[in-house]
Amino acid sequence: MNIYALVKRTFDTEEKISVQNGGIAEDGAEFIINPYDEYAVEEAIRVRDEHGGEVTVLTIGSEEAEKQLRTALAMGADKAVLINTEDDLDELDEFGAATIIAEYLNDKDADLILAGNVAIDGGSGQVGPRVAELLGINCVTTITELKIDGDQATVVRDVEGDSETIEAQMPLLITAQQGLNDPRYPSLPGIMKAKKKPLEELELDDIDLEEDDLEVKVERVDVFLPPEKQAGRVLEGDLQDQVKELVQLLRTEAKVI
Amino acid sequence: MSKKVIVLGEVRDGALRNVSFEAIAAAKKISGGGEIVGVLIGDSVQDLGQELIQYGADRVVAVEHPHLKYYTSDGFGQAFMAVHEQEEPEAIVFGHTALGKDLSPKIAAKLQSGLVSDVTEIEGEDDDAVFIRPIYSGKAFEKVKINEGPVFFTVRPNNIEPLAQDAGRSGDVSSLSADIQNLRSVVKDVVTKATDGVDMSEAKVIVAGGRGVKGPEGFEPLKELADLLGGAIGASRGACDADYCDYSLQIGQTGKVVTPDLYIAAGISGAIQHLAGMSNSKVIVAINKDPEANIFKVADYGIVGDLFEIIPMMIEEIKQLKVNA
Ligand SMILES: Cc1cc2nc3c(=O)[nH]c(=O)nc-3n(C[C@H](O)[C@H](O)[C@H](O)COP(=O)(O)OP(=O)(O)OC[C@H]3O[C@@H](n4cnc5c(N)ncnc54)[C@H](O)[C@@H]3O)c2cc1C
Ligand SMILES: Cc1cc2nc3c(=O)[nH]c(=O)nc-3n(C[C@H](O)[C@H](O)[C@H](O)COP(=O)(O)OP(=O)(O)OC[C@H]3O[C@@H](n4cnc5c(N)ncnc54)[C@H](O)[C@@H]3O)c2cc1C
């Protein structure tokens, strides 16, 4: 089976976010594989181990994303592709990101593509379903279970707490929801092997795209932080009185009950 | 320029979801006085048309088909595109719900258009509209504008005030027939779990438990409090990882991001990933036995103590209040 996993490099969830020159400050920040994409990579590896084939991890980004690709290779992916847009693009919206990925995958005959349900930085959740649509293949989002039998997959989809069991035709793009699996940590031998696995680096030219094809349709005009939440009041006194006071405050001051 | 806007009315358990009324209000803001057309898709939904109109739609188009009983992106995509072809709108608004998140990017790809997902606020009106949306799970926000093509966005539930229902408004509800065929995904079974009450993303009140609830049964008093307040229960990842509850309840950077009017955190320490998912709630109450817990830094009101004592007291107190009211 020809399997692709889409991974995005993103800020470690521990990081505080600050704004600098109209963008998010990146200096000194730690980066990780988007957590939902770890589920995608893990599931890709499991499907390969069960059905055979090859897992390729794909990212769009700068050279710095090689680190996350190596991590995915160390987990067990076979090959990695970096589409480096650093020299070509100042701006990229979801339309553009999906266009690049779909253009790359267009002639690859993927049987299964796995993406994260959402990137915890950009947060649009658009890239997976857009890619599926551009490739003209079937797509199910936010899945928590995947079983493949021939050209048919059975998936469980999380729909705001409900679970739908869906029979889906392959080729298929799925987006991973939390609970799909427990991503493995790369083992030491895995890390050693990963260094020798193929990592191909491409630029837009190589996939026949030009800057003009990717002109943003949505433009960012500002980035700001929410007003810092001020610590409020910790109540004092006898516990029973505190509870009375709290309920009164919620009713009369905050007016929320 | 005035714009014709189509708004998808989302139906759950036979009723329209609030977020659809919020989407109509958002549509009005950017329409410049243009027509607002509600769209209903399902196996039996046309009757809900008047309600969309009472909330501000000018007319409604319904697509009904037996294959639309359950949501599938192919089925709803075909139905929506049939309406799109008929109406040729300049703008489209969906709710940022499971359905909206799944369908909107596929429609945007078909239309080769931009899409602004998860809008919490709109500044300015008509052509000058600027959309505000959270990034980094609410640790920051961005303002974006649409340069080209249709104005297409999804609104996060609970953030944009709907228009008041006007029972006197009426309008045309028409039906459009569409071929719904070749569905590549078929829903075989649906298991409703977690919430038999209010959906977390639309709840006005959320009572959330963390590792401090100590077990699945520890959620019982929280659930009672949530029911009493007409709210939903939620959880930290700590509670989910410990198997006290289902992952679908997880709130935070890798779970749901919620903005209820009232968020009660019980036995939750307040890790940065949890705060990302809830710190934009309007009022936050923290209950934790550790006075140093981080959650107190974002709480409007805090009580230091044992949640198993405090929650039952709150339940009694609120019951009293209701009796007296
Ligand atoms: C106006 C504007 C300007 C921007 N400018 C820049 C910029 O200059 N530089 C920049 O880096 N970002 C920029 N961004 C952000 C960039 O557009 C998004 O990161 C990208 O479109 C993906 O969207 P998302 O983060 O919402 O991912 P989602 O759609 O939420 O991601 C879902 C899944 O898609 C896959 N995926 C997403 N992104 C990638 C990727 N890059 N490679 C591989 N797989 C991926 C992953 O599996 C991920 O889990 C900009 C965004 C906007 C709106
Ligand atoms: C990549 C990544 C993503 C993550 N995403 C999320 C996310 O989306 N959401 C999330 O929540 N976390 C997330 N986390 C985990 C996060 O870092 C914390 O581990 C988690 O939030 C802790 O859960 P907790 O507060 O329930 O548990 P703890 O930190 O163990 O806190 C339990 C609290 O309960 C209090 N307590 C105990 N008993 C009582 C009692 N009887 N009465 C009152 N108080 C009591 C204790 O004082 C303590 O403060 C993520 C972590 C990583 C690495």
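Within every chain, numbering begins at 1; the chains are lettered A, B, ... in the order of the sequence lines, protein sequences first and strands thereafter.
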Any side-chain donor near an acceptor of the partner, [X] and [Y], under 3.5 Å:
X: A/Ser124; Y: B/Asp118; value: no
X: A/Thr13; Y: B/Gln253; value: no
X: A/Thr141; Y: B/Asp102; value: yes

Using non-hydrogen atoms and a 4.5 Å limit, figure out which bit of [X] sits close to chain A: side chain, backbone, both or neither.
X: B/Ser113; answer: backbone
X: B/Ser279; answer: backbone
X: B/Ile132; answer: side chain
X: B/Ile310; answer: both
X: B/Lys282; answer: backbone
X: B/Ser281; answer: backbone
X: B/Gln250; answer: side chain

If you define the side chain from C-beta out and look only at heavy atoms, does anything of [X] sit under 4.5 Å from [Y]?
X: A/Arg233; Y: B/Asp300; value: no
X: B/Val190; Y: A/Ser163; value: no
X: A/Glu164; Y: B/Lys188; value: no
X: B/Val144; Y: A/Glu219; value: no
X: B/Pro291; Y: A/Val234; value: no
X: B/Lys106; Y: A/Arg130; value: no
X: B/Lys143; Y: A/Arg220; value: no

Begin from the C-alpha positions of A/Glu160 and B/Lys256 and carry the test salt bridge (Lys or Arg N to Asp or Glu O under 4.0 Å) through to its verdict. CA-CA 9 Å; A/Glu160 295 168 3; B/Lys256 306 267 165 13; over 6 Å; no
Regarding B/Lys139 and A/Asp121, does a basic nitrogen lie under 4.0 Å from an acidic carboxylate oxygen? no
For a salt bridge (Lys or Arg N to Asp or Glu O under 4.0 Å) check, start with the C-alpha distance between A/Asp162 and B/Arg12, then their side-chain angles and the critical distance, and finish with the verdict. CA-CA 12 Å; A/Asp162 295 354; B/Arg12 193 179 166 126; 3.5 Å; yes
May I ask you to decide if B/Leu115's main-chain N or O and A/Gln126's side chain share a donor-acceptor pair within less than 3.5 Å? yes
Treating B/Arg184 as the side-chain partner and A/Met170 as the backbone partner, does any N or O pair qualify as donor plus acceptor under 3.5 Å? no
Heavy-atom contact with chain B under 4.5 Å, split by part of [X]:
X: A/Glu94; answer: side chain
X: A/Val216; answer: both
X: A/Glu15; answer: backbone
X: A/Leu235; answer: both
X: A/Thr142; answer: neither

Output, in order, the C-alpha distance, side-chain angles, deciding distance and verdict of salt bridge (Lys or Arg N to Asp or Glu O under 4.0 Å) for A/Lys217 and B/Glu148. CA-CA 5 Å; A/Lys217 303 196 183 272; B/Glu148 191 205 304; 3.0 Å; yes
Contacts of residues 18-37 of chain A with chain B (heavy atom under 4.5 Å): A/Ile24, A/Pro35, A/Tyr36
Among residues 247-257 of chain A, those lying within the under-4.5 Å heavy-atom range of chain B are A/Val247, A/Gln248, A/Leu249, A/Leu250, A/Arg251, A/Glu253, A/Ala254, A/Val256, A/Ile257
